[in-house]
Q: 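There's a structure below that I have some questions on.
Order of the sequence lines fixes the chain letters, A, B, ..., with proteins taken first and strands second; residue numbering starts at 1 for each chain.
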There are 2 protein chains.
Amino acid sequence: MNKKSDTTRQHILQIGYQLALTKGFVRVGLTELLRSANVPKGSFYYYFASKEKFGEALIDYYFQRYLQKIDDMLCTATDTYYQRLINYFTYLTEVENGMCNANRCLVVKLSAEVADLSEAMRLALRQGTDKVISAIADCIAAGQQQGSIRAGDSRLLAEHLHHLWIGASLLNKLYLNQLGLQDNLLITKTLLKP
Amino acid sequence: MNKKSDTTRQHILQIGYQLALTKGFVRVGLTELLRSANVPKGSFYYYFASKEKFGEALIDYYFQRYLQKIDDMLCTATDTYYQRLINYFTYLTEVENGMCNANRCLVVKLSAEVADLSEAMRLALRQGTDKVISAIADCIAAGQQQGSIRAGDSRLLAEHLHHLWIGASLLNKLYLNQLGLQDNLLITKTLLKP
């Protein structure tokens with residue numbers, strides 16, 4: 001794929017991500033997607049072999065950017081590891097352009113909808129989720145060595161925090177307020193403090 | 001509505017629940033629903049004013065039975081309140097007819113899909129969720145009085161457990177194994193023990 005094609009493909013994925021965040025996967029029509037992306041109708045199959053392949057690419061695109069964000073916040077930052085995790089979870093509670101960051105999570109939006117629909121999309125979501133949990137576990141282990149995070153099984157604590165935030169993010173769609181996420185932040189501080 | 005009509009309506013809701021558990025809401029077609037329920041095609045609107053009204057009724061039907069189950073397990077049981085909660089969460093990890101009970105949760109299956117689609121369905125899911133969290137909080141408070149559950153803010157602990165289990169139940173759809181739910185059970189015991 002040449003550079004212009006690659007840029008167009010990325011642009012379609014970016015627009016697709018925005019549409020999927022509110023509509024989910026099934027309800028995103030190809031005509032709407034290409035019109036929103038301002039790409040000629042009918043050129044979809046030049047970029048993606050099928051709608052399912054598009055869905056898989058969408059999830060990979062999302063995680064590529066999300067894992068970069070996590071890397072910036074948890075690995076290359078200069079605060080204590082405890083503070084890096086608090087900054088990351090605080091970021092999830094923050095509202096940007098009328099939507100909180102927890103609500104921009106494609107795992108929360110798509111998992112229940114597509115897991116029974118597409119094996120390829122289920123595996124892409126699972127693979128990305130594995131990497132997120134590992135990144136949190138590594139940060140916890142480093143914080144335990146540093147003494148800024150409570151001792152214990154770093155993997156289990158990472159999973160505990162991850163389940164907690166996935167759950168609250170899903171319920172955020174029902175409650176449309178930040179209370180559950182704010183409570184999560186309190187709970188997270190208690191769980192991580194030495 | 002006469003008794004026969006009411007029985008048919010309940011039957012349609014029961015079949016609708018089974019279909020929604022794998023297909024979600026949008027992908028359940030009325031033709032398929034009525035064929036599966038063995039109800040004459042075209043009679044849907046006798047029972048429900050619209051597909052959205054059907055969705056709302058489906059969520060109410062689900063919670064009516066789920067809250068009865070919770071009442072049996074948390075209120076009318078005879079174990080300590082600690083043990084009642086452990087029994088309830090253990091029940092979620094158990095597999096019946098090839099599907100674990102956590103995976104039968106309509107909140108996990110539908111929230112992300114319908115919250116942006118139907119205000120009535122969002123509110124029905126939210127109202128039911130409120131009641132589940134309150135029932136867990138009441139059981140925790142009773143256990144704290146009894147001395148079988150660790151002291152602390154019972155509402156915050158209920159929310160903590162609820163987020164934890166909603167998150168793991170959603171991820172269960174990606175992992176298709178019981179590991180996350182089993183880890184949740186360990187975490188839950190640690191959080192509840194005095």
Q: Mind checking whether L30(A) and Y46(A) sit in one hydrophobic cluster, side chains of I, L, V, M, F, W, Y counted as touching below 4.5 Å?
A: yes
Q: I'd like to verify something: which residue of T129(A), V114(A), V108(A) has the highest number of heavy-atom pairs under 4.5 Å with chain B?
A: T129(A)
Q: Given heavy-atom pairs under 4.5 angstrom as the criterion, report whether the side chain, backbone, both or neither of D130(B) touches chain A.
A: both
Q: With respect to chain B, which residue among S169(A), G24(A), S111(A) yields the maximal number of heavy-atom pairs within a distance under 4.5 Å?
A: S111(A)
Q: Establish, for the pair R65(A) and Y17(A), whether the NZ or CZ atom is under 6.0 angstrom from the six-membered ring centre and no further than 45 degrees off its axis.
A: yes
Q: For D116(A), give me all partners under side-chain hydrogen bond (donor to acceptor under 3.5 Å, both in side chains), at least two apart in sequence or on another chain.
A: K109(B)
Q: For the interface with chain B, which of H162(A), E113(A), E159(A) has the highest count of heavy-atom pairs at distances below 4.5 Å?
A: E159(A)
Q: Do you know which of L186(A), N184(A), L161(A) has the most heavy-atom pairs under 4.5 Å to chain B?
A: N184(A)
Q: Would you check if the distance from the ring center of H160(B) to the ring center of H160(A) is below 6.0 Å?
A: yes
Q: So what's closer than 4.5 Å to chain A heavy atoms on L125(B): side chain, backbone, both or neither?
A: both
Q: Test salt bridge (Lys or Arg N to Asp or Glu O under 4.0 Å) on R35(B) and E32(B) and set out the steps.
A: CA-CA 5 Å; R35(B) 196 181 50 227; E32(B) 178 191 18; 5.3 Å; no
Q: Between L191(A) and chain B, which part of the residue has a heavy atom less than 4.5 Å away: side chain, backbone, both or neither?
A: side chain
Q: Name the region of L181(B), side chain, backbone, both or neither, that has any atom closer than 4.5 Å to a heavy atom of chain A.
A: neither
Q: Is V107(B) close to chain A through its backbone or its side chain, or both, or neither, when contacts mean heavy atoms under 4.5 Å?
A: both
Q: Decide whether M99(B) and L171(B) are clustered together by the hydrophobic rule: side chain heavy atoms of Ile, Leu, Val, Met, Phe, Trp, Tyr closer than 4.5 Å, transitively.
A: yes
Q: Is the cationic atom of K53(B) (NZ for Lys, CZ for Arg) positioned less than 6.0 Å from the six-membered ring centroid of Y45(B) and within 45 degrees of its normal?
A: no
Q: Please flag which part of L157(B) lies under 4.5 Å from any non-hydrogen atom of chain A: side chain, backbone, both or neither.
A: neither
